[in-house]
Amino acid sequence: MTDRNLIVGPFNRVEGDLEIRLDVRDGAVAAAYTNSPLFRGFEMMLLGKDPRDALTITPRICGICSISQSAAAAFALADASGAVMPPQGMLIAAILHAVENLADHVTHFNLFYMPDFARPVYSAEPWHDQAVARFTAMEGSAARDAVTARAELLHIVGLLGGKWPHTLAIQPAGVTKTPTASDKVRIQTALRSFRRHLETTLYGAPVETFAALSSKDDLLNWTAGDAGLFIRIAQAVGLDDMGFGPGRFMSFGAYPLPARRAFESGVWGGTLSPVDTTQITEDLSHAWMLGDTAHPRDGTTEPDEDMRDAAYSWCKAPRLSGQTVETGALARQIIDANPLARDLAGHPSAFARVAGRLIEIARTQMLLEDLAAQIDPKDRFMGHWDMPASGIGEGLVEAARGALGHWMNFDGGKITGYQIIAPTTWNFSPRDEQGNAGPVEAALVGAPVRDGEETPIAVQHIVRSFDPCMVCTVH
Amino acid sequence: MSQIETFYEVMRKQGITRRSFMKYCSLTASALGLGPSFVPQIAHAMETKPRTPVIWVNGLECTCCSESFIRGAHPLAKDVVLSMISLDYSETLMAAAGHHAEAALEETIEKYKGNYILAVEGNPPLNEDGMFCIVGGKPFVEQLKHAAQHAKAVISWGACASYGCVQAAKPNPTQATPVHKVITDKPIIKVPGCPPIAEVMTGVITYMLTFDRLPELDRQGRPAMFYGQRIHDKCYRRPHFDAGQFVEHWDDDNARKGFCLYKMGCKGPTTYNACSTVRWNEGVSFPIQSGHGCIGCSEDGFWDQGSFYNRVTDLTQFGIEANADKIGMTAAGVVGAGVAAHAAVSALKAAQRKTQDKKEEA
């Protein structure tokens, strides 16, 4: 067994570009360094523009979670201008956003995560034939089912937002669309059809039955549908024994509704506490960025064109009270007090992360049906708002991959500061000044590397369990 | 290259029925503006001609073009394109990773030398020797040039590859540069939009396959069949424009009634695209139908034209029948010589803005 260094990348079936450097000792990863090799400088381009243009420009950071970016920009503008959405506007914004997140989770499971189990490295396993038939990249039957179902689900975004990706309808004081009674029926029809897809393929059982699972033991005994196949494979390959997150979870809370956010916000580390966003900082010690550690309200984006040796990524290192946190579907469900997610929280493995998404898919389907039933075409969907000449705003949402924040300052009708921290920035951050590794870097330590493996399969399972969206990470 | 299977064989392998195949042919014929008599011709071409290999590479971008395809497209349209790219090289979707992915690219280039279409999503940033976008340890611009060298033609998917898009917005920190400024010796078809409509993307590929030639392009290099008309000309809210009925605030009654969005900054009057006819997400809707103006994402420079919510200016000088080329000609006449053809429409916009500013000062 030789010691060696590996560079893994380009990573396929992740959104965007990712490269990981691994130090391998005694057949396992001893240290990992994540690099986001793509930099575009959105925060620099926003300077000097009309603050409202953030609604159009920031979604274009990412073609996967563009509604999340647009909602965060709208909330930041609302915070700065005092705009308030009428209840029905909040409802439509929540539906738009939840549909995108739901579509993302289903994509991740079928197109990005499961295909790894169809690889030749597992050809001796008894479940391999089933995995190949269902999940071979691009050709498996699951991909066809999922892509077709997802296109139909996204009709809802078409109906309410005019187009997907890069939907424009969410504004600080509501949504531009006034849905009709027939739109409401079409939305409900699309949701029924998506439910049928989930119940026949993913769960092999009613969505409610899966959502009602309350312990890890119950989950491990689930055998129906593709979820059952995943659980069988996960136990066989030891997904629950690899890829441990820091055990600290953060969620900004998803889908603001008149009474509360549909999934609550908070920080979990064994107990629940509120998120104090004033304690967020971005550390630049290992990023090719110039400047000091700062709260995003005061942060700047100035690329280090010399690409100094001490740094290794374009990604800044966000920390909450100086610590790393993990963000994503598992975090959201733990913080929203889902009993199964809470049972998984103490052992935050690659398996727990994928399971968190399976829980959330079921709960989001149910949430969407509930929200759609409340649409009242006769009500108002947009309130009145005026843009002040200057202001500061914070927009916090939950994208599929976790907590997304926008911090903006503007003066004289022009943006003077704009900082974005995306979920993958949290999860895939490089080291900070104290040398603390980012969540994924830490999760990779100990991952087994087989002899001769150039892109270790365990590393891929761990990395993809976080569902990285690298285009958002460094924007 | 007779050993390459036909398109139809690929589709059959993927479990697509004959019936669905014929349906795809008729959908495509109508999308391309061809009559039913062309359906057998398209079907024949797909049954007999070897499929066109496609190498799909990603530069500086947001993956929205791929996503428009796989999430928004009619399942059949999606199958067509996925069945082509699946066999070759696409970074977002293929199974291989790391060095295997790089090897797959090399192999594909070698195998189909001179015969493949290079589809580019995103663009190369040239600042710092291209270090802002690294693929497999090398700047993307190198991969792009390498892959283009043996391509039959290049398709620039979306506003990023065609024009630069928002990542080229001032101050363009990475010097994001459109494909045609880097690849100068190959036919380039621009399919702009952020992203382009899925049906437009498949329509362009199917046309090239069926007729074995590039589609007719306008002066900016866009397929005329999809970019020949303004959003404004086919907009279902157009009667409100003509009647002078406008939305003045997002929350007014006119917004609820679906009046024209021109005063809310709609760029439909200066934008050439198929949104108001083909529509989005399998023909469900398009931005104006959701109550938000068009932002002009299929036009060069749309990201740096002042606020998206500022109205475009006086438009009466050209009529419904004009197309981008005619306007380009007019604009060249107005602002004098030296206007590059590809900048014609934005030049017109600039000229209009000047006129408007003067009016507002007066």
Side-chain angles (χ1 to χ4, degrees), chain A residues 7-13 15-17 19 37-41 44-45 50 52-53 56-57 60-64 66 103 111 115 137-139 147-148 150-151 154-155 157-166 168-169 171 173-174 176-178 303 305 307 380 382-384 454-455 460 471, chain B residues 14-15 60 62-68 70-73 75 78 82 86 91-101 128 131-137 165-167 169-171 173-174 176 194-195 249-251 255-256 280-282 284-292 295 303 307-309:
Chain A
I7 291 182
V8 187
F11 250 88
N12 295 106
R13 285 179 293 109
E15 308 284 12
D17 300 329
E19 209 168 74
L38 180 143
F39 171 80
R40 289 166 298 166
M44 300 158 78
M45 299 162 200
D50 185 317
R52 295 171 301 171
D53 285 356
T56 303
I57 292 174
R60 287 177 164 74
I61 289 170
C62 176
I64 323 301
S66 63
L111 299 187
M138 318 272 305
E139 287 169 12
V147 168
T148 306
R150 193 178 56 169
L154 285 163
H155 285 186
V157 179
L159 285 166
L160 295 175
K163 107 187 216 271
W164 191 94
H166 301 336
L168 301 158
Q171 296 284 320
T176 58
K177 172 77 179 178
T178 302
E305 305 205 335
M307 296 174 73
R380 300 199 75 82
M382 180 73 85
H384 192 80
E454 300 253 320
T455 47
Q460 302 202 39
V471 291
Chain B
Q14 302 229 318
L60 213 56
C62 75
T63 323
C64 74
C65 301
S66 293
E67 288 290 323
S68 174
I70 61 173
R71 293 211 217 189
K78 177 265 307 171
L82 285 194
S86 66
E91 283 177 20
T92 308
L93 290 165
M94 63 185 291
H99 307 298
H100 299 295
E128 294 302 304
M131 296 311 280
F132 289 113
C133 181
I134 299 292
V135 181
C165 201
V166 290
Q167 56 210 358
K170 285 170 200 153
T174 62
C194 187
H249 294 285
W250 290 123
D251 62 330
R256 284 185 75 88
W280 282 83
N281 298 94
E282 304 185 59
V284 168
S285 183
F286 72 113
I288 293 169
Q289 205 171 334
S290 79
H292 193 286
I295 60 163
W303 53 90
S307 173
F308 293 106
Y309 296 99

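Within every chain, numbering begins at 1; the chains are lettered A, B, ... in the order of the sequence lines, protein sequences first and strands thereafter. Note that the coordinates shown come from a computational prediction; the quantities given were computed from them, not determined experimentally.
Considering all non-hydrogen atoms of both residues, B:S307 and A:D53 come closest at OG-OD1, 2.9 Å. B:W280 approaches A:W164 most closely through the heavy-atom pair CE3-O, 3.9 Å.
Under a 3.5 Å cut-off, the side chain of A:R60 and the backbone N or O of B:Q167 do not form any donor-acceptor pair. Between the side chain of B:S290 and the main chain of A:A169, no donor-acceptor pair closer than 3.5 Å is present.
Residue B:W250 touches chain A through both its backbone and its side chain, counting heavy-atom pairs closer than 4.5 Å. Both the backbone and the side chain of A:E305 come within contact range of chain B, judged by heavy atoms closer than 4.5 Å. Heavy-atom distances place both the backbone and the side chain of B:A169 under 4.5 Å from chain A. In this structure, chain B has a heavy atom under 4.5 Å from the side chain of A:T178, while its backbone stays farther away.
Residues B:P287 and A:H166 form no side-chain contact, since every pair of their non-hydrogen atoms from C-beta on lies 4.5 Å or further apart. Between B:I295 and A:L168, some side-chain heavy-atom pair lies under the 4.5 Å cut-off. When side chains are defined from C-beta on, A:P303 does not count as touching B:P173, because their heavy atoms never get closer than 4.5 Å. Using a 4.5 Å cut-off on side-chain heavy atoms (C-beta onward), A:L159 and B:S285 make no contact. Residues B:W303 and A:I57 are not in side-chain contact: their nearest non-hydrogen atoms beyond the backbone lie 4.5 Å or more apart.
The most heavy-atom pairs under 4.5 Å with chain B, out of A:K163, A:R380, A:M382, come from A:K163. The choice from B:K170, B:H292, B:H249 that makes the most heavy-atom pairs within less than 4.5 Å of chain A is B:H292. Residue with the most contacts toward chain B among A:A173, A:G174, A:P165: A:P165 (heavy-atom pairs, distance under 4.5 Å). Put simply, of A:M45, A:K177, A:R52, the one with the most heavy-atom pairs under 4.5 Å next to chain B is A:M45.
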- [ ] Could you check B:Y309 against A:D50 for side chain to side chain contact (heavy atoms under 4.5 Å, CB included), going step by step and ending with a plain yes or no?
- [x] CA-CA 9 Å; B:Y309 296 99; A:D50 185 317; 5.7 Å; no
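For the ring-ring contact (aromatic ring centres under 6.0 Å, His included) test, no residue two or more places apart in sequence or in another chain qualifies with B:F308.
Here the OG1 atom belonging to B:T174 is positioned 9.0 Å from the CZ atom belonging to A:R40, to the nearest 0.5 angstrom.
At a cut-off of 3.5 Å, with distance as the only test, a side-chain donor of B:D251 or A:H384 sits close to an acceptor on the other residue.
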